[in-house]
Protein chains: 2
Amino acid sequence: MGVSKTHIFSPTQNELAVVAKVLAHPARIAILEYISRQDSCICNDLVDIIGLAQPTISQHLNEIKKIGLLKGTFEGKNLCYCINQERWEELQRSFNEFFTNINRNCC
Amino acid sequence: MGVSKTHIFSPTQNELAVVAKVLAHPARIAILEYISRQDSCICNDLVDIIGLAQPTISQHLNEIKKIGLLKGTFEGKNLCYCINQERWEELQRSFNEFFTNINRNCC
DNA sequence: ATTTAATATTGCAATATTACGATAAAGGCA
DNA sequence: TGCCTTTATCGTAATATTGCAATATTAAAT
């Protein structure tokens, strides 16, 4: 069938999976890393830096935006994307909780 | 084209993305959580617990195994899957490093 | 108002993922 | 040996993802 049966899993499990899916592409990892390295947040050169076509970059940015990780504001003609700090720390906590809650003392 | 252009990204970026992709499905999150809750590591009831067909569970286990997160050993008739503690901690460090290295002081 | 530059959207092709029925393989047990 | 139970693999259908060319949109600049 090809459909994820999300309804049989808990909200927590689904949310973690959704966030992981956004991180599951090197371009999106690279985009996040690049934005974080910028002093200002003008990022209209992502296309040149990453090496993917402009529509593709736009789509990846949209995926990242969907989980609330980007705040976008206009600065003149150009769009300015920044990382949403509160959301970022929230996700960091979620992942860390997931990793530490797993009991590995077996075998 | 539909192909991830992995060659234009760094090994670190690709590796993080590969691991995130494994976590990007609620069934695999649920499987990891279930295995971690077991005292022993006999996990032949995953099919009943998760609610997916046996071949599907087998495939998910295989995805998790591919990134080295599972150690499998035979115990009589049944296969025993356990979490690979060293690998688990390694991935926890990778994710934590990624999350903490991102500079969010902008906007 | 027209041009220019940056980003978004649409449409489509190639490929990947998800899921399961059918079947195979392997070990334990009668 | 033959049967049962458990896990793996194959084949296939449905859907999702990735990527880009073409086009649309938006706002600044001329």
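So that the names make sense, note that chain A is the first sequence line, chain B the second, and so on, each numbered from 1. Computed from heavy atoms alone, side chains included, the values below leave out hydrogens, waters and symmetry copies.
- Between Phe98(B) and Trp88(A), the gap from one ring centroid to the other is short of 6.0 Å.
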Let's go through Lys66(B) and Val22(B) carefully: what are the C-alpha distance in whole Å and the side-chain angles of both, what is the deciding distance for side-chain contact (heavy atoms from CB on, under 4.5 Å) to 0.1 Å, and is it a yes or a no?
CA-CA 9 Å; Lys66(B) 269 187 200 162; Val22(B) 172; over 6 Å; no
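- Look at Glu90(B) and Arg87(B) and you find a salt bridge, because one of the NZ, NE, NH1 or NH2 atoms lies within 4.0 Å of a carboxylate O, short of that distance.
- The aromatic rings of Phe95(B) and Phe95(A) lie parallel to each other, with less than 30° between the two planes, well short of the 60° mark.
- One can place CG of Leu52(B) at 16 Å from C1' of dA14(D), the figure rounded to the nearest angstrom.
- If you take CZ of Phe9(A) and C1' of dT18(C), they are 11 Å apart, rounded to a whole angstrom.
- One interatomic measurement links the two molecules: CD1 of Ile49(A) to P of dT7(C), which rounds to 13 Å at whole-angstrom precision.
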Under the criterion side-chain contact (heavy atoms from CB on, under 4.5 Å), I'd like the reasoning laid out for Leu69(B) against Tyr81(B): C-alpha separation, chi angles, the key distance, then a yes or no.
CA-CA 10 Å; Leu69(B) 265 181; Tyr81(B) 276 122; over 6 Å; no
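- Distance alone, capped at 3.5 Å, places no donor-acceptor pair between the Thr56(B) side chain and the Leu52(B) backbone.
- For the pair Ile29(B) CD1 and dT18(C) C1', the computed distance is 16 Å after rounding to whole Å.
- The shortest distance between the side-chain N/O atoms of His25(A) and the OP1/OP2 oxygens of dG19(D) is below 4.0 Å.
- Rounded to whole Å, atom C1' of dA21(D) lies 16 Å from atom CD1 of Ile57(A).
- Straight-line distance from the NZ atom of Lys5(B) to the C1' atom of dG19(D): 7 Å, rounded to whole Å.
- Remark: Lys21(A) is not in phosphate contact with dT17(C), judged by side-chain N or O atoms under 4.0 Å from OP1 or OP2.
- Atoms CD1 (Ile50(B)) and P (dT18(C)) sit 14 Å apart, rounded to a whole Å.
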Dump every N/O contact between nucleotides 8-12 of chain D and the protein below 3.5 Å, one line per pair.
{"unit_1": "dA8(D)", "atom_1": "OP1", "unit_2": "Tyr81(B)", "atom_2": "OH", "d": "2.8"}
{"unit_1": "dA8(D)", "atom_1": "OP2", "unit_2": "Ser58(B)", "atom_2": "OG", "d": "3.1"}
{"unit_1": "dA8(D)", "atom_1": "N7", "unit_2": "Gln54(B)", "atom_2": "NE2", "d": "2.7"}
{"unit_1": "dA8(D)", "atom_1": "N6", "unit_2": "Gln54(B)", "atom_2": "OE1", "d": "2.8"}

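- Atom CD1 of Ile64(A) and atom P of dT17(D) are 15 Å apart (whole Å).
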